[in-house]
K.L.:
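Please find one structure pasted underneath; my questions will follow.
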Amino acid sequence: MKVFQSILLPFSCQFLPTLALNCVVMSGSLKQIDAGSGLVVGVNDQNEAFVLNNTAFRKICTSLKRFSVGPAGLLGVDAADKIFKVLAVAREVGCCGGCSPLVIASAPPSLLKQVDAGGDQIISGVNVNDDIFCLNMDANNKWPSSSFPWVSINGKLKYYSCGPYSCWGVNSADQIYILKDVSSNACSGSGFVNIPGLLSMIEVATDGSVFGVNSQGNLYQRTGVTRANPAGTDWISMVACPNNHKHVSFDLGFLWVVCVDGSIRRFTL
């Protein structure tokens with residue numbers, strides 16, 4: 001992966017002064033985090049699901065191995081790869097105090113190992129065979145219903161994330177791909193294009209920003225990403241954790257990083 005710049009965040013939790021205003025070490029431990037539409041959610045190693053309430057992560061009354069939030073809503077998958085859509089969560093209360101019933105998908109693909117809610121009201125994800133699926137806005141807004149017109153996308157990816165005008169993914173070999181021309185009514189886009197570099201996970205923010213982590217735990221941001229140039233120009237290396245990185249997400253100027261030890265850090269970019 002070509003890197004033209006490296007940003008070091010020392011162990012004191014400070015970016016270079018010109019690149020961030022502040023850093024906060026959050027309480028708790030997570031293995032996966034997702035931020036979108038002003039909300040932050042995540043799950044820990046015990047598959048307990050959390051929603052951020054002010055400065056504390058509150059557990060909600062369900063078990064999920066993946067949790068995603070964005071314009072498509074709050075979505076999750078459990079240990080059996082069943083897909084859930086959270087109708088509402090009262091963030092001011094603790095587990096089960098204000099959590100509505102979950103709605104489970106009952107039609108193909110019905111099982112996904114990873115789901116993403118970051119697209120323009122579209123749902124996307126991949127199954128255990130790395131097959132790629134998406135659900136257009138109209139179908140998502142009618143969920144639950146008796147049938148789900150899931151769209152199957154050609155290709156194989158182990159991780160898939162969508163933003164306002166493109167989707168990004170990585171395959172089993174950690175190769176990176178972008179799907180351009182994605183819209184709320186055409187989640188299948190115009191075909192995948194390979195992007196140089198290797199990542200084990202990748203996330204697209206609701207403003208189109210792209211961040212990822214590689215198999216060595218290194219953190220990267222894609223530079224130059226715009227609607228006119230959704231593929232961007234290059235990768236920039238960032239160091240946010242003293243012990244390597246596990247997961248990353250970005251929303252409304254905040255970068256959320258889960259370190260390899262499960263600790264959580266929030267940076268203002």
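Computation of the quantities below employed the complete heavy-atom set of this structure, encompassing side-chain atoms and omitting hydrogens, waters and symmetry-equivalent molecules. None of these values were measured; they are calculated from a predicted model.
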K.L.:
Taking atom CZ of F133 and atom CG of L111, what is their separation to the nearest 0.5 Å?
P.N.:
10.0 Å

K.L.:
Can you find a pair of side-chain heavy atoms, one from F50 and one from R58, that are under 4.5 Å apart?
P.N.:
no

K.L.:
State the CD-CD distance between E203 and Q221, to the nearest 0.5 angstrom.
P.N.:
13.5 Å

K.L.:
Which is it for N185 and N136 under the side chain to side chain donor-acceptor pair (under 3.5 Å) test, yes or no, and what are the steps along the way?
P.N.:
CA-CA 5 Å; N185 296 312; N136 284 315; over 6 Å; no

K.L.:
Using atom types as modelled and distance alone, determine if a side-chain donor or acceptor of Q32 lies under 3.5 Å from a backbone N or O of F67.
P.N.:
yes

K.L.:
I need the D174 CG to N214 CG distance, nearest 0.5 Å.
P.N.:
8.0 Å

K.L.:
Under 3.5 Å, is there a donor-acceptor pair between the side chain of S161 and the main chain of V204?
P.N.:
yes

K.L.:
Evaluate the criterion side chain to side chain contact (heavy atoms under 4.5 Å, CB included) for residue pair Y177 and V170; output intermediate values, then yes/no.
P.N.:
CA-CA 6 Å; Y177 289 89; V170 294; over 6 Å; no

K.L.:
Do V43 and L39 share a hydrophobic cluster, counting only Ile, Leu, Val, Met, Phe, Trp and Tyr and linking them when any side-chain heavy atoms are less than 4.5 Å apart?
P.N.:
yes

K.L.:
Restricting to non-hydrogen atoms, name the atom on L255 and the atom on V248 that form the minimum distance, rounded to 0.1 Å.
P.N.:
CD1-CG2, 3.5 Å

K.L.:
Is a donor on one side and an acceptor on the other found under 3.5 Å between the side chain of H245 and the backbone of V260?
P.N.:
no

K.L.:
Whether the S183 and D120 side chains hold a donor-acceptor pair (N or O, under 3.5 Å, no angle test) is what I'd like checked.
P.N.:
no

K.L.:
Are any side-chain N or O atoms of N244 and backbone N or O atoms of C259, one a donor and one an acceptor, separated by less than 3.5 Å?
P.N.:
no

K.L.:
Closest approach of F250 and A205, non-hydrogen atoms and distance?
P.N.:
O-CB, 3.2 Å

K.L.:
Measuring from atom OG of S27 to atom CD1 of I264, what distance do you get when rounded to the nearest 0.5 angstrom?
P.N.:
7.0 Å

K.L.:
For I33, which of V41, L52, V258 qualifies under side chain to side chain contact (heavy atoms under 4.5 Å, CB included)?
P.N.:
V258

K.L.:
If we ignore hydrogens and angles and just use 3.5 Å, is the side chain of K85 paired with the main-chain N or O of N140 as donor and acceptor?
P.N.:
yes

K.L.:
Check for me, please, whether V69 and F84 land in the same ILVMFWY cluster - side-chain distances under 4.5 Å, paths through other members count.
P.N.:
yes

K.L.:
Would R227 and Y165 count as a cation-pi pair here, with the cationic atom under 6.0 angstrom from the ring centre and within 45° of the axis?
P.N.:
no

K.L.:
State whether the side chain of K246 and the backbone N or O of G217 hold a donor-acceptor pair below 3.5 Å, judged by distance alone.
P.N.:
no

K.L.:
Start with the C-alpha gap between R66 and D34, add the side-chain angles, then the distance that decides, and say whether salt bridge (charged side-chain N to carboxylate O under 4.0 Å, His left out) holds.
P.N.:
CA-CA 9 Å; R66 296 281 312 176; D34 197 47; over 6 Å; no

K.L.:
If I compare all heavy atoms of S172 with all of K158, which pair ends up nearest, and what's the gap?
P.N.:
CA-CD, 4.1 Å

K.L.:
Please walk me through it: do L30 and W256 pass side chain to side chain contact (heavy atoms under 4.5 Å, CB included)?
P.N.:
CA-CA 11 Å; L30 296 175; W256 298 87; over 6 Å; no

K.L.:
Does the pair T268 and N22 meet the rule for a side chain to side chain donor-acceptor pair (under 3.5 Å), with working shown?
P.N.:
CA-CA 6 Å; T268 306; N22 59 66; 3.0 Å; yes

K.L.:
To the nearest 0.5 Å, how far apart are CH2 in W168 and CD1 in I178?
P.N.:
4.5 Å

K.L.:
Looking at S209, is its backbone amide N or carbonyl O close enough to the side chain of D207 to form a donor-acceptor pair, meaning the two atoms are under 3.5 Å apart?
P.N.:
yes

K.L.:
Counting only N and O atoms by type, is there a donor-acceptor contact under 3.5 Å from the side chain of T223 to the main-chain atoms of D234?
P.N.:
yes

K.L.:
With a 4.5 Å limit on heavy-atom distance, are the side chains of C241 and N243 in contact?
P.N.:
yes

K.L.:
Please list all pairs passing the disulfide (SG to SG under 2.5 Å) test where one or both residues lie in residues 163-224, with sequence neighbours left out.
P.N.:
C134-C187, C162-C167

K.L.:
Any sub-3.5 Å donor-acceptor pair from R222's side-chain atoms to A231's backbone N or O?
P.N.:
yes

K.L.:
Starting from the C-alpha separation in whole Å, work towards a yes-or-no answer on side chain to side chain donor-acceptor pair (under 3.5 Å) for N218 and S237.
P.N.:
CA-CA 7 Å; N218 300 314; S237 174; over 6 Å; no

K.L.:
So if you build clusters from Ile, Leu, Val, Met, Phe, Trp, Tyr with side-chain heavy-atom gaps below 4.5 Å, do L135 and I153 land together?
P.N.:
no

K.L.:
Would you name the heavy atoms of L198 and I176 that are closest together and state the gap between them?
P.N.:
N-CD1, 3.7 Å

K.L.:
Report the C-alpha separation of F57 and V40 in whole Å, then their side-chain angles, then the decisive distance to 0.1 Å, and conclude whether the side chain to side chain contact (heavy atoms under 4.5 Å, CB included) test is met.
P.N.:
CA-CA 9 Å; F57 282 94; V40 184; 3.9 Å; yes

K.L.:
Would you call D131 and K156 a salt bridge, taking side-chain N to carboxylate O under 4.0 Å as the test?
P.N.:
yes

K.L.:
Is a donor on one side and an acceptor on the other found under 3.5 Å between the side chain of N53 and the backbone of A56?
P.N.:
no

K.L.:
Nearest heavy-atom pair of A35 and S249: which atoms, and what distance?
P.N.:
N-OG, 2.9 Å

K.L.:
Can we say D130 and K113 salt-bridge, meaning some charged N sits less than 4.0 Å from an Asp/Glu carboxylate O?
P.N.:
yes

K.L.:
What are the two closest heavy atoms between A117 and S68, and how far apart are they?
P.N.:
N-OG, 2.9 Å

K.L.:
Would you call the rings of Y159 and H247 parallel, tilted or perpendicular, taking 30° and 60° as the class edges?
P.N.:
tilted

K.L.:
List the steps and the verdict of side chain to side chain contact (heavy atoms under 4.5 Å, CB included) for R266 and V24.
P.N.:
CA-CA 5 Å; R266 186 197 72 190; V24 177; 3.2 Å; yes

